[in-house]
Amino acid sequence: MNSAKIIFLSLIAVLFPFMNFAQELPVYQDISKPVEERVEDALSRMTLREKVGLVHADRSYGAAGVPRLGIPENNLTDGPSGMRPEMVWQTWIHAGLASDSCTAYPALICLAATWNQEMGMLFGKSYSEEAAYRKKNMILGPGVNIFRTPMNGRNFEYMGEDPYLTSQMAVSYIKGVQSNNVAACVKHFAVNNQEHLRTTINAVVDERTLNEIYFPAFKAAVQEGNVWAVMGAYNKFDGQYCCHNSFLLQDVLKGQWGFDGVVVSDFGGTHDTEEAIENGLDLEMGTDLGSIEAYNRYKMADPYIDLLEKGEADEAVLDDKVRRILRMMFRTSMSGHQPWGALASEKHMADSRKIAEEGIVLMKNEGDVLPIDLSGVRRILVVGDNATRLMSRSGGSSEVKSKYEIVPLEGIRNRAGDRAEVIWQPGYSVNASESAADSLRKEALDAACTADFIIYIGGLNKELYQDCEGVDRQSFSLPYGQDELISGLAATGKKMAAVMVSGNSYAMPWIDEIPALVQAWYGGSEAGNAIASVLFGDVTPSGKLPFTFHGKLEDCAAHSIGEYPGDGETVEYKEGIFVGYRWTDKENIKPQFAFGHGLSYTDFSYGKIRLSAKTMTEDEAITVSIPVTNTGKRAGAEVVQLYVNDVKSSLPRPVKELKGFKKVYLAPGETAEVIFTVGKDALSFYDPSVHGWVAEAGDFKVMIGSASDDIRAEAGFRLADRR
Ligand code: BGC
């Protein structure tokens, strides 16, 4: 090599690191730039038609991106408990892919029953890793509509009757999901509390009730969970469809609460182009599928372009919608931070099982029938259709294509191994004629004679008119003649436990006849193993009821007052704020099982309650503490619940309201000091005369208990007058 060449090459080597070969990235593609800058830059490059392309669906679960600019499509997935199978793009027919089998997580009512925000985080994190793996940038969940009546076919997808519990659990789920740069979409805003006539019914709910019962979980999702999307409800509120309801979306959600994310319509829930444009809808999703032309006919597609081109719609309003969608994308698929994810991994299945185990509620356990001691048991008879029924793949939009699902019988067999013979009798059938039902029952009763232990596995299922989207239940009783069957099995005098798989409450005419009852919900992929681990004592149950189990339907306010399901056009929530335990407390009705109820295999004692002060001002908070001890022989967890009572108030208030809870894990003999902070928010009610929250000076009571009907300690304090 000659010296000129050597000098040239050495120069290149020295200068190389300083040479800029990278093309300058446009701002919107530069992940180091602030989201708002990226949004404005992308928006400034888009044509009007490209913008409209972003605000409506172009397939069953997606909306266009901007191919010219490299902005990806939006890729949504149902539902709250795991991914819905992929659909053929323009239909609701399963695509039958080999690649979309995933983890089914428990139904959200089971998550709520854990009363544990850590489980909410785990759920959201684990599930969003599955979504990320399949390149989804939005999960259509959680559902947070309040349990107003046990007839609602979708209660299993929601988180119970209490606004505080629902808010806490929803926020933890949302934080978990969004920690992986996948958007959560909290639904259905608002007052979608029945499936009956859900697409037309007009809910009439007063301002106080909205703010105290039906809004808090949505507000917490926005303000504490920083949720990136909200789905409107199908029904009307005050005569206007919720998906383009100016009060709900403009005044409350985007106005008062400052929501900066995307309002997504429920599918097919958009009815009017101008209302949708003006009243705050950002992304129209739908069910009027069939062809690309069908999507172009959507209310916010070609009809929107027409109005814009005629100058009858303001482009600035469109820009606001597009900004919100872009913001969500820069937080998710274009953040540069979405993880690779994983699908149906062992870890995710274990997460799902853990949540299912923590949510199972031990309702009754006389004579310590549970946990089952295998030493004295040779033959176990399992009875019931739900012992073998797959649950996660049905029920409506929350269906999940689980890679596998362990049904209860399999879980029990896995656990019993060869230590006991496990036989199964259906006992009842979903389709049986009367005579077939009689013989199924008889066969189960005959088999009971030779069993050492009977495990009954029944409840509801995901069939129409049970726990199923689109329709409500038709009866509060258990279906398929289960009541007679359970009584018959109980009459054999054998050791017995009933395990109910459902997302709703039901009548229990046999409750005094059976020694043990377990409420197991829908537990997802690992449901059967989770049930078995509780039945055999590998797990000490620690779930608590997220809603009241009424003795009879008339004990529920919506039914007692006669305001369910409405008159065909309107349903008026005449019971106001008195939903669930707020009603049974007020009317002195003894529930079958109270809100917050749940037993353990160990015992907990509560010590002396202590308050940091006897008086507080509005700007202060008091600390409430109580020692809780595991006095039994097993490790276990207790959910310590804090309720507040306003002794005297200018408006009627509930006898008690949940304002705090903590789940504590304790070894035998261990004590934990459980500490709560009670501030002004916990003392306030919504006063419609001032359109705001008010804490009235005076006496308050704080109650700490193991359930809403099992208060172990209480103490009084005063909120001082404002000076
Ligand atoms: C449900 C939504 C769901 C959507 C998409 C609607 O019928 O109400 O909760 O996300 O369908 O499947």
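We number each residue from 1, following the sequence as shown. Both ligands and their constituent atoms are indexed starting at 1 by order of listing.
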| said: Could you check whether E73 pairs with R59 (Lys NZ or Arg NE/NH1/NH2 to Asp/Glu carboxylate O, under 4.0 Å)? | reply: yes

Contact region, R154 to ligand 1, non-hydrogen atoms below 4.0 Å, reads side chain

Checking heavy atoms under 4.0 Å, the part of R198 that sits near ligand 1 is side chain

Report, as yes or no, whether the 6.0 Å neighbourhood of atom CZ on F549 holds more than 12 heavy atoms from other residues, nucleotides or ligands.
yes

**Prompt:** Is ligand 1 less than 4.0 angstrom away from at least one heavy atom of M285?
**Reply:** no

When distances are taken from atom 3 (C) of ligand 1, the protein heavy atom at minimum range is D78 OD1, 3.4 Å

| message | Between D319 and R323, does any NZ, NE, NH1 or NH2 come within less than 4.0 Å of an OD or OE carboxylate oxygen? | response | no

Nearest non-hydrogen protein atom to atom 11 (O) of ligand 1, with distance, is D266 OD1, 3.6 Å

Per side chain to side chain donor-acceptor pair (under 3.5 Å), N193 is matched among Y564, Y158, Y573 by Y573

E469: heavy atom below 4.0 Å from ligand 1, yes or no? yes

Numbered in order shown, the ligand 1 atoms found under 4.0 Å of a heavy atom of L140 are 10 (O)

Ligand 1 atoms nearer than 4.0 angstrom to some heavy atom of R84 are 12 (O)

Under 4.0 Å from one or more heavy atoms of K187, ligand 1 contributes atoms 2 (C), 3 (C), 9 (O), 10 (O)

Next on the checklist: Whether the E157 and S81 side chains hold a donor-acceptor pair (N or O, under 3.5 Å, no angle test) is what I'd like checked.
Outcome noted: no

Hey, is R198 close enough to E195 for a salt bridge, meaning N to O under 4.0 Å?
yes

Taking only non-hydrogen atoms of F267 and a 4.0 Å limit, the atoms of ligand 1 in range are 4 (C), 5 (C)

Between F547 and W521, how do the two ring planes meet: parallel, tilted or perpendicular, split at 30° and 60°? perpendicular

